[in-house]
Structures are given as C-alpha cells and as structure tokens.
Student: 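Here you go, one structure.
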Amino acid sequence: MIERAKGHDSDLVIVGHYDDFQQSDGSISKEISRIPQDFSCDKNVEYRNYFPKLLKEFCFFQVWDKLYRRELLERHCIRFDQSMPVGQDASFNLPLTPLVNRVDIMAVPLYHYSCREGSMSSITFKESYLQSRVRAFEWAESTLRNWYPQVIQFFANGCIDQMGNLAEGLYKNASYTTAYRDEQLNRIIGNQTVQKCVHVYPPSGLRNRYLTFAIKQKKYYIDEVLC
C-alpha cells in the first residue's frame, strides 16, 4: 500500500479485506472476502463515479484498510468524532469523499477483520447507539447532498437496518423489562431522522421493506418483523 501511495502520489489507497466469523473457541466458522475492483484515478469526479462500487463491496466505512495523505487530513482538520460509540470510521471517511483526487484501489484482501460475539459490531442495544447511528446518517446526508445525492439512499437503508439491529438487541436481552423495551422502541420509531429515512428513501431488501412499513406505521410489531 505504501509503495502504491508513493508511486502514484495518492491521496487515498484502499484495499480489500476478509470478514472472519469466530466461534467462542476462537476457530473461524466462516470467512467472507470483501474485494473491490481495481481502480486508479487522479480526479475526484472519477472517484465519485466509482463510489457506488466501493459501497457495494463494503469497503468504504472502515479505516483499517486505507492509507491517507496526512497533509490532506491536517489541512481540512479531519478527525474522529470521539463522542460517537459507533460510526466513528464513517464520520472520519465521509468528509474526505469530495476532497480526494488521486485515489488507488487495490483488488487484493490484505486485512482480516474478526467478527466476535460481544464485539461492537454484534447485535446489541445501547441507548447511545441510537443517537450515534442517527448522527452518522445525518452526516452522510449533509456531506453527500452536493457531491453524490443518488447514493444517500444506500446510507438511509443502512440506518434502517441498524435500527432493526437495535430493536433486535432489545428483544435478545432478557433482563430488559417490557416497559423499558417499549420506551426504547418508541424512541427508535419516533425519531425524526429515522422517520425521514423511511418516508423519503425507498427501502431495499425484504427485511428493510418490513422494517420501513413498521416504522412508518409507528407500530410495536417490529418484533414480528425481526422474528
């Protein structure tokens, strides 16, 4: 990656990765490769045209499969939002999308991402996660509105999917009372940004269509959708 960055004077270098799903004993039960198409450009408009492919291969959000030109980060004061318990990587990468010109994407997986039960990426519920997920979408919408508005739908669907994960986390934790579960479901369903996602952007996939219907109707049978 460093050789590519030096050779092409890159603003951004991206590679593929593996998602390693680990069992409780540490063994790998499944391995999924996330490999983007090979790509190189020296104009932001070319990167913008490629951008949907990067989203499709799930190679945009994370930071551990990328190299960044430090001068670009410093000049535009790109930093992690440390107040967000989840979604920090997206908050770092999104502001860069309209700024980079020389981009190199290598069609080779060079990183193994371990998906473990109990990790930040597993299905769970925390009250702070809701606001972080909502803020991540709002950030994406404001950044992409003038750069590539057509892909905002992808981020809206991601937000709805995350709301489904949060709701599922409520039902997976047996220690939550019915009153607490209903209170948090009401916060999810009644959130203005979540409502905007389901009313403005068409859902993709069967699960998201069911979730969108439940959220639009502000019904608590969202648990039936998840089951």
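The analysis underlying the following values was restricted to heavy atoms, covering all of them including side chains, and did not include hydrogens, waters or symmetry mates.
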Student: So, taking the atom named CG in Leu185 and the one named CD in Glu183, what distance separates them when rounded to the nearest 0.5 Å?
Tutor: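 The CD atom of Glu183 is 10.5 Å from CG of Leu185, to the nearest 0.5 Å.
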Student: If I compare all heavy atoms of Val100 with all of Leu72, which pair ends up nearest, and what's the gap?
Tutor: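 Minimum heavy-atom contact is CG1-CD2, 3.6 Å.
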Student: Which distance, rounded to the nearest 0.5 Å, do you find between the OG of Ser91 and the CD1 of Ile78?
Tutor: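 CD1 of Ile78 is found 9.5 Å from OG of Ser91.
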Student: Testing the basics here: between Pro36 and Ala107, what is the closest heavy-atom pair and its distance to 0.1 Å?
Tutor: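 The answer is O-CB, 3.2 Å.
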Student: Got Asn165 and Tyr129 here, is their nearest side-chain heavy-atom distance under 4.5 Å?
Tutor: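 Counting from C-beta outward, Asn165 and Tyr129 never come under 4.5 Å.
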Student: How about CD1 on Ile2, more than 12 heavy atoms from neighbouring residues, nucleotides or ligands closer than 6.0 Å, or not?
Tutor: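 Check fails, neighbour count at 12 or below.
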Student: Is there side-chain contact between Leu94 and Phe60, with heavy atoms separated by less than 4.5 Å?
Tutor: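 Yes, their side chains come closer than 4.5 Å.
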Student: Decide yes or no on side chain to side chain contact (heavy atoms under 4.5 Å, CB included) for Glu57 and Lys53, but give the supporting numbers first.
Tutor: CA-CA 6 Å; Glu57 296 298 335; Lys53 297 178 183 178; 5.7 Å; no
Student: Would Leu73 and Phe80 show up in the same hydrophobic cluster when neighbours are defined by side-chain heavy atoms closer than 4.5 Å?
Tutor: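 The answer is yes; both residues are in one hydrophobic cluster.
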Student: When you compare the side chain of Leu12 with that of Tyr68, does any pair of heavy atoms fall below 4.5 Å?
Tutor: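 When only atoms from C-beta onward are counted, Leu12 and Tyr68 do touch, with a gap below 4.5 Å.
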Student: For Trp147 and Thr143, work out which heavy atoms get closest and say how close.
Tutor: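 Scanning both residues, the minimum pair turns out to be CB-O, 3.9 Å.
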Student: Are Asp9 and Arg69 close enough for a salt bridge, meaning some N to O gap below 4.0 Å?
Tutor: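 Yes, this pair counts.
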Student: Return yes if some donor-acceptor pair links the side-chain N/O of Asn191 with the main-chain N/O of Arg187 below 3.5 Å, else return no.
Tutor: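 Absent.
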Student: Minimum heavy-atom separation for Lys216 to Val198, with atom names?
Tutor: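 Smallest heavy-atom distance, with atoms named: CE-O, 2.9 Å.
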Student: Verify salt bridge (charged side-chain N to carboxylate O under 4.0 Å, His left out) between Glu138 and Arg133, making sure each step is shown before the conclusion.
Tutor: CA-CA 9 Å; Glu138 291 172 346; Arg133 295 301 186 189; over 6 Å; no
Student: Give, for atom CG of Asn44 and atom CG of Leu96, the distance between the pair rounded to the nearest 0.5 Å.
Tutor: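 Those atoms lie 10.5 Å apart.
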Student: To check you understand the geometry: which heavy-atom pair defines the closest contact between His17 and Tyr113, and what is its length?
Tutor: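 That closest heavy-atom pairing would be CD2-CB, 4.4 Å.
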Student: Side-chain heavy atoms nearer than 4.5 Å, only ILVMFWY residues, links allowed to pass through others: does that put Ile152 and Tyr50 together?
Tutor: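 Shared cluster, yes.
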Student: How far does CG of Leu166 sit from CD of Glu127, to the nearest 0.5 angstrom?
Tutor: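 The distance works out to 11.0 Å.
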Student: Under 4.5 Å between side-chain heavy atoms, counting indirect links through other Ile/Leu/Val/Met/Phe/Trp/Tyr residues: same cluster for Leu55 and Phe39 or not?
Tutor: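 Leu55 clusters together with Phe39.
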Student: With Gln184 as reference, evaluate Ile189, Leu130, Leu170 under the side-chain contact (heavy atoms from CB on, under 4.5 Å) test and give the passing residue.
Tutor: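 Single pass found, and it is Leu170.
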Student: For Glu74, does the CD atom have more than 12 heavy-atom neighbours from other residues, nucleotides or ligands under 6.0 Å away?
Tutor: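 Counting neighbours around CD of Glu74, more than 12 heavy atoms of other residues, nucleotides or ligands fall under 6.0 Å, so yes.
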Student: When the aromatic ring centroids of Tyr201 and Phe155 are compared, is their separation below 6.0 Å?
Tutor: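 No - the distance between ring centres of Tyr201 and Phe155 does not fall below the 6.0 Å cut-off.
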Student: Heavy-atom count check: over 12 atoms from other residues, nucleotides or ligands less than 6.0 Å from Arg70 CZ?
Tutor: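 Counting other residues, nucleotides and ligands, CZ of Arg70 stays at 12 neighbours or fewer.
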Student: Should Asp65 and Arg34 count as an ion pair when the cut-off is N to O under 4.0 Å?
Tutor: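 Arg34 and Asp65: not salt-bridged.
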Student: Do the side chains of Arg135 and Asp81 get nearer than 4.5 Å, heavy atoms only?
Tutor: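 A side-chain contact under 4.5 Å exists here.
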Student: Using the ring of each side chain (for Trp, its six-membered ring), is Tyr47 parallel, tilted or perpendicular to Phe51, with breaks at 30° and 60°?
Tutor: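 Perpendicular.
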Student: Find the distance between CE (Met1) and OG (Ser10) and round it off to the nearest 0.5 Å.
Tutor: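 Reported to 0.5 Å precision, the distance equals 10.0 Å.
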Student: In the structure I gave you, are the side-chain heavy atoms of Ile215 and Thr212 within less than 4.5 Å of one another anywhere?
Tutor: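 In short, these two side chains do not touch, never coming nearer than 4.5 Å.
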Student: With a 4.5 Å heavy-atom cut-off, do Phe58 and Asp19 have their side chains touching?
Tutor: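 They are not in side-chain contact.
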Student: Given side chains that start at C-beta, do those of Phe213 and Pro203 come closer than 4.5 Å, heavy atoms only?
Tutor: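 Heavy-atom side-chain distance check fails, nothing below 4.5 Å.
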Student: What class does the angle between the rings of Trp64 and Tyr111 fall in, given that below 30° is parallel, 30 to 60° is tilted and above 60° is perpendicular?
Tutor: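 It falls in the parallel class, under 30°.
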Student: Do side-chain atoms of Asp42 reach the backbone of Asn101 as a donor and acceptor pair under 3.5 angstrom?
Tutor: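 The answer is no, because no donor-acceptor pair under 3.5 Å joins these two groups.
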Student: For Ser29 and Gln23, work out which heavy atoms get closest and say how close.
Tutor: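 Where Ser29 meets Gln23 most closely, the heavy atoms are CB-NE2, 3.4 Å.
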Student: Given 3.5 Å as the limit, does a donor-acceptor pair link the side chain of His199 with the main chain of Gln195, or not?
Tutor: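 Present.
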Student: Look at atom CD of Glu71 and say whether more than 12 heavy atoms of other residues, nucleotides or ligands are closer to it than 6.0 Å.
Tutor: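 It does: Glu71 CD has more than 12 such atoms within range.
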Student: Do Val13 and Lys66 touch side chain to side chain, with heavy atoms closer than 4.5 Å?
Tutor: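 Side chain of Val13 against side chain of Lys66, heavy atoms only: no contact under 4.5 Å found.
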Student: Applying the 4.5 Å side-chain criterion to the ILVMFWY set and letting contacts propagate, would Val86 and Ile188 be lumped into a single cluster?
Tutor: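 The answer is yes; both residues are in one hydrophobic cluster.
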Student: Without hydrogens or angle criteria, can the side chains of Asp104 and Ser40 be said to hold a donor-acceptor pair below 3.5 Å?
Tutor: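 The answer is yes; a qualifying pair exists.
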Student: So if you build clusters from Ile, Leu, Val, Met, Phe, Trp, Tyr with side-chain heavy-atom gaps below 4.5 Å, do Leu144 and Val200 land together?
Tutor: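 Yes, Leu144 connects to Val200 through the hydrophobic network.
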Student: Hey, what's the ring geometry for His112 with Tyr18, parallel, tilted or perpendicular (30° and 60° as the breaks)?
Tutor: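 Plane angle under 30°, so parallel.
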Student: About how many Å separate OG of Ser128 and CE of Met84, when rounded to the nearest 0.5 Å?
Tutor: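 So the gap between those two atoms works out to 10.5 Å.
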